[in-house]
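Have a look at the structure below, then the notes.
Computed from a predicted model, the values in this text were never measured in an experiment. Letters A, B, ... are given to chains in the order of the sequence lines, protein chains preceding strands, and every chain is numbered from 1. What's counted below: heavy atoms across the whole structure, side chains too, no hydrogens, waters or symmetry copies.
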Amino acid sequence: MRIATWNVNSIKARSERLMRWLEKYEPDVLCLQELKAEDAGFPLAEVQAAGYSAVLYGQKTYNGVAILSREPVNDVQAGLNDGVDDPQARVLSAEVHGLTFLSCYVPNGGEPSSEKFAYKLKWLERLLAYLERHHGSREKLVLCGDLNIAPADIDVARPDEWRDTVLCHPLVREAFQALIAFGLVDSFRALRTDSAYSWWDYRMLGFPKGNGLRIDHILVTKDVLPRCKQVQIDREERKGKLPSDHAPVFIDLD
DNA sequence: ATGGTTGCTTAGCAA
């Protein structure tokens, strides 16, 4: 069973690449982030023609997440549902194959001194509270997405350049460790000791210069980890004409 | 410190 996550940075701009990627990698479940479109703008017919069902939590211009699956999904839940008045479409949950999948787009955070950074930290606290409420068993959970956190310096090609920015800030790394302490495992780091990156800034030509960070993750509960046979980041997808600034990450489960 | 690039929306913001 192949599970993937990909921040497409606009589903409309990336639909052709999405269809090619589905055909080539044949994931069973694919979590998408940054659709930047309402549900009506999602290429649902094409995705269905390729053999996938899709559940959507879209938003105009910003954010927006989805879960694509070869099998129909159950128990769909959009948002954190914690009573906070938050219009940003950043998390979607669905059950399939006995596992719950979360597609998460964690706030970027802007600058560490900004309101956006405060929102990022609060959002991560709310995510943790959501996990406690809905997944207290700490089982059968696969949390996918653009978490906008590089967990450690090994996940950053040029750590000195990114030190204390919102992707590497000690407070967001602490929040990442709180997810680990909850009972989630970073599948990439559990299976690999090397550095590989999932995002390169369009600005400053981050990709050609190799200035990458690993900020897209597939976190699994401990019961799922033994089934995990490999973790890959499809760096090739970042190449060529008009790529997303993020590469897809995927795991293969027995 | 600054600049550089995309995408959405239409000059400015977000990443």
Side-chain angles (χ1 to χ4, degrees), chain A residues 5-21 31-44 46 56-66 79 86-92 103-124 127 144-151 155-169 171-173 175-176 197-217 233-249:
Chain A
T5 184
W6 189 13
N7 177 325
V8 289
N9 184 21
S10 166
I11 190 62
K12 290 177 189 170
R14 224 66 62 201
S15 57
E16 282 185 28
R17 277 183 177 260
L18 170 66
M19 298 317 299
R20 262 184 281 142
W21 203 85
C31 294
L32 298 174
Q33 300 88 35
E34 269 208 276
L35 304 179
K36 293 184 168 179
E38 289 172 326
D39 293 356
F42 189 90
L44 190 58
E46 292 97 310
L56 309 172
Y57 184 27
Q59 184 180 337
K60 190 179 175 182
T61 312
Y62 307 114
N63 312 312
V65 288
D86 186 349
Q88 302 193 30
R90 292 186 175 278
V91 60
L92 182 65
S103 182
C104 297
Y105 177 44
V106 172
N108 172 283
E111 294 290 323
S113 58
S114 68
E115 288 285 338
K116 286 180 192 165
F117 189 60
Y119 172 69
K120 179 180 194 173
L121 294 176
K122 188 70 195 167
W123 199 92
L124 285 162
L127 175 63
C144 297
D146 174 4
L147 303 192
N148 269 315
I149 302 171
D155 303 307
V156 185
R158 303 182 190 180
D160 290 341
E161 220 170 276
W162 292 91
R163 192 155 332 275
D164 295 335
T165 66
V166 293
L167 304 180
C168 298
H169 196 281
L171 290 174
V172 302
R173 285 183 168 172
F176 187 89
Y197 313 115
S198 68
W199 174 81
W200 299 259
D201 203 331
Y202 288 133
R203 296 167 291 185
M204 303 248 337
L205 305 172
F207 188 71
K209 292 179 180 173
N211 193 0
L213 295 89
R214 190 172 69 91
I215 61 175
D216 298 86
H217 303 286
I233 303 179
D234 179 22
R235 192 175 177 283
E236 293 300 306
E237 178 54 44
R238 183 62 175 77
K239 298 180 179 176
K241 205 175 168 208
L242 294 178
S244 167
D245 44 353
H246 295 254
V249 180

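We find that CD of A:Glu161 is positioned 14 Å from P of B:dA1, with the value rounded to whole Å.
Note: A:Trp21 and A:Trp6 have tilted aromatic rings, judged against thresholds of 30 and 60 degrees for the angle between ring planes. Using cut-offs of 30° and 60° on the angle between ring planes, the pair A:Trp162 and A:Trp199 is perpendicular.
A pairwise comparison of heavy atoms in A:Ile149 and A:Val172 identifies CD1-O, 3.4 Å as the closest pair.
In this structure A:Asp160 satisfies the side-chain hydrogen bond (donor to acceptor under 3.5 Å, both in side chains) test together with A:Arg163, sequence neighbours excluded.
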Produce a footprint string for nucleotides 7-15 of chain B: one letter per nucleotide, 5' end first; B if the base is under 4.0 Å from any protein heavy atom, S if only the sugar-phosphate is, - if neither.
-> SSS----SB
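Comparing the P positions of B:dA14 and B:dT10 gives a spacing of 14 Å, expressed to the nearest Å. Comparing B:dT2 with B:dT6, their P atoms are spaced 23 Å from each other, to the whole Å. Comparing the same atom, C1', in B:dA15 and in B:dT9 gives a spacing of 15 Å after rounding to whole Å. Taking atom C1' on both B:dA1 and B:dG7, the two are 26 Å apart, rounded to the nearest angstrom.
For A:Lys36 and A:Asn9, the side-chain atoms include at least one donor-acceptor pair closer than 3.5 Å.
Inter-residue side-chain proximity for A:Cys168 and A:Leu213 is flagged as met; some heavy-atom pair is nearer than 4.5 Å.
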